[in-house]
Amino acid sequence: MLDAYLKKLCTFSTEEELFHRLFRKHSSIMLLIDPETGTIAEANQAANAFYGYPQETMRGMKISRISTQQEHEIQDEMRQALAERRNYFIFRHRLADGTIRIVEVHSSAIDLKGRILLFSIVFDITVRQHAQDMQRLASLVYQKSSEAMSVIDGNGEIMTINPAFTDITGYTETEAVGKNIRILNSDRETPECYRQMTKSVRAEGRWQGELWARRKNGEDFLRRLSVNTIYNADGSVQCRVGLFSDITKKRETDELIWRQANFDTLTGLPNRSMFHDRLGQAIKQANRADQQVALLFLDLDFFKEVNDTLGHAMGDRLLQDAARRVRACVRETDTVARLGGDEFTVILGDLHDTRSIERAVNDILRTLAEPFQLGTEQVYISASIGITFYPGDGTETDTLLKNADQAMYAAKAQGRNRYSYFTASMQEVAQNRKRLVNDLRIALHEKQFRVYYQPIVDLNTGRIHKAEALIRWQHPVRGLINPLEFIPIAEETGMITELGEWIFRQAARQVGAWRTRHHSSFQISVNVSPVQLQNEGVNHESWLSCLESLELPGQSVVVEITEGMLMDSSAGVTDQLLRFRDNGVQVALDDFGTGYSSLSYLKKFDIDYIKIDKSFVQNLAPGSDDMVLCDAIIVMAHKLGIKVVAEGVETELQRQLLAASNCDYAQGHLFSQPVPAEEFEQLF
Ligand code: C2E
Ligand code: CA
Ligand code: CA
């Protein structure tokens with residue numbers, strides 16, 4: 001075989017011919033390049049196949065057609081090869097179909113019949129180069145990654161780590177390699193947790209999760225870890241690769257964001273959004289255990305007053321303290337949430353009997369009624385609580401909340417510092433109220449209001465020189481509606497201001513008429529609601545100029561206020577009252593005896609009349625407690641230069657007893673009900 005080959009070789013006529021044959025047939029890619037012209041003088045079959053051009057095309061082809069690089073880039077590579085003492089160049093060649101390959105070109109100059117050509121052997125190293133690049137990249141990633149990496153053997157012994165591992169854990173490579181990966185274990189995780197992880201890695205080769213680890217300095221950190229296994233061909237473990245990052249900070253900020261979204265910053269209690277979640281959970285749990293949930297809606301009484309008089313900072317402290325107190329009245333598993341302002345909710349789950357609720361509610365009322373120490377001030381408040389049950393009163397969280405709110409309103413209406421259970425009739429009341437609010441808005445425009453007048457009789461002479469203006473609402477459908485029903489609504493919605501203006505004008509016009517026709521010093525009293533004096537306030541200018549335009553003195557009207565208003569220390573109310581006084585308008589204190597009945601306030605505000613509440617008058621009998629009280633009030637008032645009006649006088653006996661006690665005036669059904677102006681005139 002070899003013999004035959006050698007014989008064949010010897011048949012070549014010349015060395016040159018031998019070269020040409022070798023060149024053409026050789027399986028390596030070979031080119032003969034003419035450096036003078038930059039063209040391919042000859043390409044072998046392997047080259048034709050590789051580049052994808054036929055023999056004829058390649059012969060004489062400009063080298064630039066297969067080179068993707070600029071002349072200077074080629075020069076650079078040549079210089080680099082020289083510097084590295086390489087006998088080859090690395091170029092990027094383009095094939096006929098456009099693909100680009102990385103080639104290693106070994107060139108040497110040869111003399112062919114006096115022509116100097118570059119004999120180049122081309123190796124396609126694309127795949128090898130790619131693999132090298134990938135490896136370099138992998139190593140770069142390993143080195144530069146911010147993610148810690150460790151490679152451990154089947155027994156957990158550390159084989160290698162990357163710099164990020166050192167950054168995060170504090171262990172250098174020399175300290176870590178050879179140690180067991182357990183050096184990172186923290187006792188914030190249970191041994192059971194590690195056992196589970198090992199089990200899963202052994203069984204599935206993988207594990208992923210978050211767990212606490214310990215740095216070299218003993219500090220714990222939370223890491224997100226993933227473990228993967230590389231197996232040998234025989235299925236045995238070659239190594240395991242652990243990748244982790246420190247997510248302690250991220251967890252902290254996540255938690256902070258979560259807290260801010262779900263908890264009230266002032267009190268630390270769950271906020272409205274969290275409350276809804278918790279109520280939903282409590283309901284689910286109750287369904288499973290076939291139990292009830294009680295929802296309490298709690299509103300602090302007089303909180304606004306504290307906030308207004310002592311300032312927001314003190315108000316905040318009160319809320320914090322109140323939150324703590326409420327929290328202490330319920331179990332750990334119950335939820336106390338702050339919905340905003342001075343509104344709190346309590347979810348009592350896991351209820352076996354309703355007595356435990358009353359116990360909790362009474363505890364809450366009691367603890368909130370105890371004094372609050374705010375700086376140097378001692379403050380008393382109370383709470384009104386509404387209670388509703390799941391599933392008895394409602395099944396939706398929104399419905400339950402609305403129920404509890406309504407029940408709370410009922411507790412407030414019943415006099416505060418108490419609780420009230422939700423009942424179906426409350427819903428009716430609430431709906432009724434909503435309708436009234438709507439109707440009230442149009443009532444003034446539709447001229448549905450009337451002013452009635454009730455005579456105030458002089459007990460000495462029996463004559464009528466005074467009257468009280470009392471509003472009536474003639475509702476188109478419901479008929480006459482009592483002011484006690486709609487005045488509070490007008491107050492809450494602010495409509496009272498407009499209504500009050502209207503009443504005042506009516507009364508002023510009426511008193512003008514009666515002054516000219518009946519008695520020159522006739523006087524009409526007008527009820528003024530606290531809301532009118534607070535907030536925007538009564539428009540004095542308009543009231544006084546109204547009187548002026550009617551040529552009436554201030555003395556022709558009396559404003560009736562309640563004691564609560566005198567307690568309001570805000571400058572507004574005091575100013576308002578003094579402005580009236582300056583213009584001769586007199587002031588009467590209504591419903592006297594039902595509130596604080598403080599003498600010092602009577603003097604301070606220079607009250608002209610007090611009106612003894614009808615609840616005292618109703619039970620007057622010689623020698624009765626109420627008789628004693630009435631006597632005392634009258635004596636005291638006279639000492640202070642104040643005149644007394646007795647309200648609700650219904651019987652002749654009451655009139656006589658009051659007259660005997662020197663009461664100045666009386667008002668009541670005995671003389672007349674409140675009546676329209678025309679009817680009133682018949683009383684003269
Ligand atoms: P008030 O100011 O204490 O008015 C006296 C109430 O006692 C009136 O009730 C009157 O009708 C009633 N009354 C008079 N005589 C007797 C009697 O002999 N026996 C009994 N049992 N009651 C008698 P009314 O008109 O239903 O008004 C209720 C409350 O509504 C008033 O109490 C007042 O607080 C408020 N109000 C009435 N009109 C106005 C108004 O124009 N503006 C404001 N802000 N409030 C008003
Ligand atoms: Ca009155
Ligand atoms: Ca009254």
Side-chain angles (χ1 to χ4, degrees), residues 440 443-444 448-457 459 464 466-475 479-511 523-535 537-538 543 557-565 573 576 586-595 607-620 644-655 657-658 663 665-677 679-680 683:
L440 204 54
L444 199 56
Q448 293 170 5
F449 292 111
R450 312 267 174 279
V451 180
Y452 278 33
Y453 298 92
Q454 186 176 37
I456 297 172
V457 179
L459 282 175
I464 300 169
K466 296 180 197 298
E468 177 175 3
L470 291 161
I471 188 144
R472 295 290 176 264
W473 181 9
Q474 189 64 49
H475 191 278
L480 206 61
I481 301 181
N482 191 302
L484 288 174
E485 203 175 326
F486 68 84
I487 293 287
I489 297 177
E491 287 175 345
E492 274 168 50
T493 55
M495 283 184 262
I496 190 74
T497 312
E498 205 188 342
L499 194 57
E501 292 285 309
W502 181 81
I503 297 163
F504 183 83
R505 268 156 220 285
Q506 303 297 309
R509 212 164 324 125
Q510 195 58 63
V511 78
Q523 216 178 18
I524 291 183
S525 32
V526 177
N527 292 285
V528 173
S529 130
V531 179
Q532 278 170 279
L533 286 188
Q534 294 157 351
N535 306 339
V538 163
W543 284 27
V557 285
V558 177
V559 292
E560 291 196 8
I561 60 166
T562 48
E563 285 173 281
M565 272 193 252
V573 174
Q576 306 258 14
Q586 292 189 308
V587 178
L589 200 56
D590 212 346
D591 305 340
F592 191 81
T594 57
I607 299 295
D608 301 284
Y609 303 94
I610 55 179
K611 302 186 76 171
I612 300 181
D613 191 70
K614 48 181 172 287
S615 57
F616 295 97
V617 176
Q618 234 115 62
N619 303 317
L620 281 186
V644 182
V645 184
E647 286 188 308
V649 179
E650 292 177 353
T651 66
E652 181 53 31
L653 175 68
Q654 288 163 356
R655 188 193 68 80
L657 289 170
L658 288 161
C663 181
Y665 302 95
Q667 183 183 350
H669 294 167
L670 176 66
F671 312 102
S672 167
Q673 306 244 344
V675 290
E679 238 175 273
F680 191 97
L683 298 170

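All ligand and atom numbering here is 1-based and tracks the order in the structure. Computed over heavy atoms, backbone and side chain alike; hydrogens, waters and symmetry mates excluded.
Panel note: side chain Glu485, backbone Asn482; no donor-acceptor pair is recorded below 3.5 Å.
Between Ala507 and Ile524, the shortest heavy-atom distance links the atoms O-CD1, 3.7 Å. Taking each heavy atom of Trp543 and Gly500 in turn, the nearest pair found is CZ2-O, 4.1 Å. For the residue pair Asp591 and Glu647, the shortest heavy atom distance occurs at OD1-OE1, 3.6 Å. The minimum heavy-atom distance between Cys663 and Val645, with the atom names listed, is SG-C, 4.4 Å.
By the criterion of a heavy-atom distance under 4.0 Å, the side chain of Asp591, and not its backbone, is placed next to ligand 1. For Gln673, no heavy-atom contact with ligand 1 is shorter than 4.0 Å.
For the pair Lys611 and ligand 1, no heavy-atom separation below 4.0 Å is found. At least one heavy atom of Lys614 sits closer than 4.0 Å to an atom of ligand 1.
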Test side chain to side chain contact (heavy atoms under 4.5 Å, CB included) applied to Ile464 and Phe680, step by step: CA-CA 10 Å; Ile464 300 169; Phe680 191 97; 4.0 Å; yes
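Of all atoms in ligand 1, numbered sequentially from 1 with element shown, those under 4.0 Å from a heavy atom of Pro674 are 11 (O). Close approach to Pro483 involves these atoms of ligand 1, each under 4.0 Å from a residue heavy atom: 24 (P), 25 (O), 26 (O), 27 (O), 28 (C), 30 (O), 37 (C). When each atom of ligand 1 is checked for a heavy atom of Asp590 under 4.0 Å away, the hits are 1 (P), 2 (O), 3 (O). Taking every non-hydrogen atom of Glu647 and a distance limit under 4.0 Å, the qualifying atoms of ligand 1 come out as 3 (O), 5 (C). Of all the atoms in ligand 1, the ones that sit under 4.0 Å from a non-hydrogen atom of Gln454 are 14 (C), 15 (N). With ligand atoms numbered from 1 in the order given, ligand 1 contributes 26 (O) to contacts under 4.0 Å with heavy atoms of Asn482. Each of the following atoms of ligand 1 lies closer than 4.0 Å to a heavy atom of Ser529: 44 (N). Close approach of ligand 1 to Glu468 (heavy-atom distance below 4.0 Å) involves ligand atoms 2 (O), 4 (O).
Restricting Glu560 to its N, O or S atoms, the one at the least distance from the Ca ion (ligand 2) is OE1.
Aromatic ring orientation, Phe486 versus Phe449: tilted (interplanar angle from 30° to 60°).
Interatomic distance, CG of Asn527 versus CD1 of Ile471, reported as 10.0 Å (0.5 Å rounding). The CD1 atom of Ile561 lies 9.5 Å from the CG atom of Asp590; values are rounded to the nearest 0.5 Å.
Distances from the Ca ion (ligand 2) show that Glu468 has an N/O/S atom below 3.0 Å.
Put simply, the residue from Val649, Asn619, Leu670 that forms a side chain to side chain contact (heavy atoms under 4.5 Å, CB included) with Gln654 is Val649.
When only interatomic distances are considered, the shortest N/O to N/O separation between Ile503 and ligand 1 does not fall below 3.5 Å. Inclusion of Glu650 in the set of residues having an N or O under 3.5 Å from an N or O of ligand 1 is warranted.
With sequence neighbours left out, Glu492 forms a salt bridge (Lys or Arg N to Asp or Glu O under 4.0 Å) with Arg433.
The OD2 atom of Asp590, the Ca ion (ligand 2) and the OD1 atom of Asn527 define an angle of 90° (nearest 10 degrees).
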